[in-house]
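Here the structure comes first, spelled out in structure tokens, and everything after it is commentary.
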Number of protein chains: 2
Amino acid sequence: MYDILICVNMQAGDNKMIVEKILQKSGLKKTKGRVQILGLLVNANKPLSIEEIECLVGTDVHFVTLYRMLHQFAKSGIVYQTDLRKGKVHYELQKKHHHHIVCSICGVQEDVPMCMDALQASVASRSKKFNAIDNHVLEFFGVCKKCS
Amino acid sequence: MYDILICVNMQAGDNKMIVEKILQKSGLKKTKGRVQILGLLVNANKPLSIEEIECLVGTDVHFVTLYRMLHQFAKSGIVYQTDLRKGKVHYELQKKHHHHIVCSICGVQEDVPMCMDALQASVASRSKKFNAIDNHVLEFFGVCKKCS
DNA sequence: TTTAGTGCAAAATCTTTGCAGGGTA
DNA sequence: TACCCTGCAAAGATTTTGCACTAAA
């Protein structure tokens, strides 16, 4: 988890600072590309697919670099990989753990602040093969108000 | 949901019957390939990736047919598409709704019979963009007893 | 200066499409 | 027979790798 959590009331321009802190903390070098991509993810506030990122960033970052960067970010725990049933992996900044509701028609997303951490222990206790559970994925699907 | 639900105490050999019923019910023609693939999924009792299915079935079914079949099955509600964070989509027979615990190391899976249907309504009620939620995905991750 | 990061080309994977022949109802 | 299903070939899309060059610390 990053300092972004305690910066909720910051101005938009301060995103640059957030990005720098994230990179600093992870020990990754601060390059133009990384700043740009992380900036996008900070602003996006929702999971982005590689395709979407590629589109937003234009030709500034080579797609090979993009793949390498996102792998690196995921490995460093900076971003989080989510599947939203669109056939493609999406990446999201690793903020406070939360979930999403996704519209099956237009794909619009909404954050669900609630979390099931408490549930994990109870599930683990009833498991035969597992002693503990350390993570989970939870996504909701429905039709949004606009589409219904 | 299929008759498989009320056949829990059947013998292994009866899988053939299950498969036939599924195909019959969905209006899909009964072909050698479909029977074979559905048979695999009935036996597997866990989500299988296309790669795994391809491996199990050998050269009997062309991979193009496999892709087409699984799309068709998913469209007809016979199978269900799951993401287990292995980078590839997995398909599972659409049985009673349930979830999985997946070992982050060896990939072994266990079913979690519990479900969050009740939760959906409460999440929906707190949502701004959605009136109702009609589905969800929930997967747990941990390290299994053997690996820990 | 040293090492991590990047771009480019090309390979490797994975998935989809068009079309002609074959099998099921 | 009529139409769905399959196999094959090939295209398309997505992701990864190797290598030389560049830039951050």
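A/T31 meets the side-chain hydrogen bond (donor to acceptor under 3.5 Å, both in side chains) test with no other residue; sequence neighbours excluded. Not counting sequence neighbours, the partners of A/K129 by the side-chain contact (heavy atoms from CB on, under 4.5 Å) test are B/V108, B/E110. Looking at residues two or more places apart in sequence or on another chain, you find a side-chain hydrogen bond (donor to acceptor under 3.5 Å, both in side chains) between A/E51 and A/K88. Considering only residues two or more places apart in sequence or on other chains, B/V35 meets the side-chain contact (heavy atoms from CB on, under 4.5 Å) condition with B/V19, B/L23, B/K30. For A/E92, the side-chain hydrogen bond (donor to acceptor under 3.5 Å, both in side chains) test picks out A/H98, A/H100, with sequence neighbours left out. Residues satisfying the side-chain contact (heavy atoms from CB on, under 4.5 Å) test with A/S125, not counting sequence neighbours, are none.
The rotation axes computed at either terminus of the helix from C/dT1-D/dA25 to C/dA25-D/dT1 lie 40° apart, taking five pairs at each end and rounding to 10 degrees.
Between the CD1 atom of A/I101 and the CD1 atom of B/I133 there is a distance of 4.0 Å, given to the nearest 0.5 Å. Atom CG of residue A/D134 and atom CD of residue A/Q120 lie 7.0 Å apart, to the nearest 0.5 angstrom. In this structure, B/L41 CG and B/I78 CD1 are separated by 10.0 Å, a value rounded to the nearest 0.5 Å. To the nearest 0.5 Å, the span separating OG on A/S49 from OH on A/Y91 amounts to 10.5 Å. In this structure, the separation between CZ on B/F73 and CZ on B/R68 is 13.5 Å, given to the nearest 0.5 Å.
For DNA chain D, the residues of residues 28-39 of chain B within the heavy-atom distance limit of 4.0 Å (strictly under) are B/L28, B/K29, B/T31, B/R34, sorted by number. A heavy-atom distance below 4.0 Å to DNA chain D is reached by these residues of residues 60-69 of chain A, ordered by number: A/F63, A/V64, A/Y67, A/R68.
Considering B/H90, B/Q81, B/E52 as possible partners of B/P47, the one that fulfils the side chain to side chain contact (heavy atoms under 4.5 Å, CB included) test is B/H90.
The two atoms that bring B/C103 and B/C144 nearest to each other are SG-N, 3.4 Å, heavy atoms only.
Environment of NZ in B/K145: crowded, with over 12 heavy atoms of neighbouring residues, nucleotides or ligands closer than 6.0 Å.
If you walk DNA chain D from 5' to 3' and mark each nucleotide with an atom closer than 4.0 Å to a heavy atom of chain B, the marks span D/dC3 to D/dA9. When DNA chain C is scanned 5' to 3' for any atom under 4.0 Å from a heavy atom of chain B, the first and last hits are C/dC14 to C/dA25.
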Anything under 3.5 Å between a donor and an acceptor, one on a side chain of residues 53-64 of chain B, the other on a protein residue two or more places apart or in another chain? List them.
{"unit_1": "B/D60", "atom_1": "OD2", "unit_2": "B/Q36", "atom_2": "NE2", "d": "3.2"}
{"unit_1": "B/H62", "atom_1": "ND1", "unit_2": "B/V64", "atom_2": "N", "d": "3.2"}

